[in-house]
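The structure under discussion appears below in the form of structure tokens.
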Amino acid sequence: MRKKKIWEGWRLLNPKNLQKEVDAYGYHYSWKSHAALLFCALTGIGAVGMLFQLQRLYFAAVVAAVIVTLPVLVLDMYKGMYEQGRFADVTAYMEQVLYAFQKSGKAVSALKECREIFPEGQMNRLIGQAVDHMEQGVPDSDMGVLRESLGLIERRYTCEKISMVHRLLESAEEHGGEISDAVLFALEDIESWKKRGYRLHAEKKKSHADNVISIAVAVILCAAALGVLDGMRGMFTTETAVSVFRIPVIQVSSVLFILMLLWVFAKSTRSLTDDWLQCGTAAEESYLLDCYEKVRRGPGERSRGFKISAAALCGAVLTAWICRLRPVSIAFAGLLLFLLTEKRIGWQIAKKDVTRQLYLSIPQWLMELALLLQNNNVQVAIARSSEGAGAVLREELTGLIRRMEQAPERLDTYTDFCSSFDIPEAASCMKMLHAFSESGSGNMQVQIGRLVERVGQMQDVAEEIQNESEAFRMKLIFSYPVMAATAKMLVDLSIGMAVMMQFLGNMGGV
């Protein structure tokens with residue numbers, strides 16, 4: 001796989017191949033644009049090479065690195081524009097299809113109306129394919145015509161939100177009922193998600209600008225430091241005084257420094273090409289299911305091998321301490337501490353990941369449950385709602401359904417739902433469902449609507465934290481040029497001081 005990636009990168013050196021890749025994103029890239037960008041890049045790196053007075057061989061290495069990197073940067077620029085366009089298309093599609101469905105109550109009519117707002121392009125074409133499949137009315141699998149048709153759009157726009165909207169349409173068309181509250185919540189949720197997406201990208205763009213400034217300042221500082229060191233040779237009258245710039249170690253450190261900054265710039269640019277639709281979405285289902293099983297098992301008892309290892313480490317700590325090998329004793333103590341806490345920390349991380357995923361899944365499930373409860377009792381509604389639930393939530397619903405079959409009247413049958421995770425909203429929901437199942441009284445739609453709103457607020461918090469984490473990782477790149485400049489100046493100052501001492505020795509010898 002890695003060889004393929006490297007080969008793909010080398011292919012982009014051919015402007016024709018680069019143009020094809022850009023065209024795949026829906027943009028036009030001409031030879032003139034490529035020539036202009038290449039001229040600007042070579043002019044810029046030429047100025048940097050002059051600042052560091054790179055010799056021909058070293059300068060050629062830097063130029064080669066720029067020529068290889070430029071096509072990747074160009075492609076990343078267009079990919080970023082493409083991802084932004086996809087995000088705008090998806091948000092517009094979800095909002096329009098919900099408004100249209102609320103009026104007509106038919107998915108095919110909603111899709112036809114939604115298609116009119118999109119010009120010729122991928123989204124327009126996919127909606128057209130979905131409408132054609134619906135009107136043919138012949139399913140290709142057990143999923144049914146409606147789900148297959150909407151799946152044509154989902155497969156090209158992988159996104160938790162668009163799946164939520166489609167499940168809402170499917171449930172409303174299949175089971176009927178009043179969907180005004182569910183649509184209202186979905187629209188509010190989409191609007192919040194859209195604002196978070198644009199805000200996150202704005203923060204990333206600002207961080208990218210800061211990174212570029214950091215790179216420029218690092219170049220200026222290091223070049224200035226070398227210039228000062230080189231100017232100090234005028235203080236010596238010896239014939240052996242040579243330019244600091246010409247010293248081979250300085251030349252090598254300058255090349256490595258420039259290549260490091262080039263990598264930082266490429267990394268910062270690449271961070272702007274992330275898939276906007278995946279921001280705040282769940283991890284892989286297999287990983288989440290593994291985490292779910294780990295949480296259900298608990299930290300567990302320590303194995304015999306663990307106890308033997310811990311005892312051996314304790315003995316090693318005491319022996320090293322008695323022998324006054326304090327550093328060795330501290331190292332063994334750190335290893336023992338890691339051994340004692342590793343399993344518990346892994347369990348807590350797994351619990352945190354699963355809890356967050358449940359907060360993302362529960363609002364969608366509650367909306368579908370609210371629709372089903374209009375025409376079904378609690379047990380049937382929960383059983384039907386589990387079919388479209390996420391993998392982790394489906395595990396909890398399976399357990400709930402099994403308990404309901406055995407003891408439907410007991411309160412703990414319901415309250416054991418998600419009891420292993422810190423989700424107080426789930427307990428409130430289950431108590432309400434138990435009361436409704438027993439008495440059949442109360443305004444279920446209003447109560448579920450309030451729960452959906454509350455869980456949605458918690459979902460917003462979870463996604464906001466995820467966005468802040470991504471923005472923070474982008475801001476960390478700002479420190480890379482600083483560290484590179486620090487290392488470069490340490491090398492230059494060390495070599496410069498050594499050269500000066502040599503000059504002084506030569507003068508003393510004279």
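We number each residue from 1, following the sequence as shown. Side chains are part of it too, since the values below use all heavy atoms of this structure and drop only hydrogens, waters and symmetry mates.
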Apply ring pair (Phe, Tyr, Trp, His ring centres under 6.0 Å) to residues F87 and W193 and explain how you reach the verdict. CA-CA 11 Å; F87 183 80; W193 179 69; 5.0 Å; yes
S214 side-chain N/O to D210 backbone N/O, donor-acceptor pair under 3.5 Å: no
Report the C-alpha distance between L111 and F101 in whole Å, list the side-chain angles of each, state the deciding distance to 0.1 Å, and finish with yes or no for side chain to side chain contact (heavy atoms under 4.5 Å, CB included). CA-CA 8 Å; L111 288 176; F101 186 81; over 6 Å; no
Y93 vs I153 side-chain heavy atoms within contact, under 4.5 Å: yes
Do L150 and I162 make a side-chain contact, defined as non-hydrogen atoms from C-beta onward lying under 4.5 Å apart? no
Can K206 and E203 be said to form a salt bridge (charged side-chain N to carboxylate O under 4.0 Å, His left out), step by step? CA-CA 5 Å; K206 182 179 180 299; E203 291 177 1; over 6 Å; no
Applying side chain to side chain contact (heavy atoms under 4.5 Å, CB included) to R167 and R147, what does each step give before you reach the verdict? CA-CA 8 Å; R167 298 297 83 78; R147 180 163 293 190; 3.8 Å; yes
Is there a donor-acceptor contact under 3.5 Å linking the side chains of S271 and S268? no
Measure the CG-NZ distance between L169 and K106 for me, rounded to the nearest 0.5 Å. 12.5 Å
Can you list the steps and then say if Y78 with Y27 is a ring pair (Phe, Tyr, Trp, His ring centres under 6.0 Å)? CA-CA 7 Å; Y78 284 103; Y27 298 95; 5.6 Å; yes
Taking 4.0 angstrom as the limit, do E405 and R402 come out as a salt bridge? no
Backbone of V295 reached by a side-chain donor or acceptor of K351 within 3.5 Å: no
Whether the side chain of Q19 engages the backbone of Y29 through a donor-acceptor N/O pair (distance < 3.5 Å, no angle test) should be reported. yes
Sidechain N-carboxylate O distance under 4.0 Å for E113, K103: yes
Ring centers of H208, F478 separated by less than 6.0 Å: no
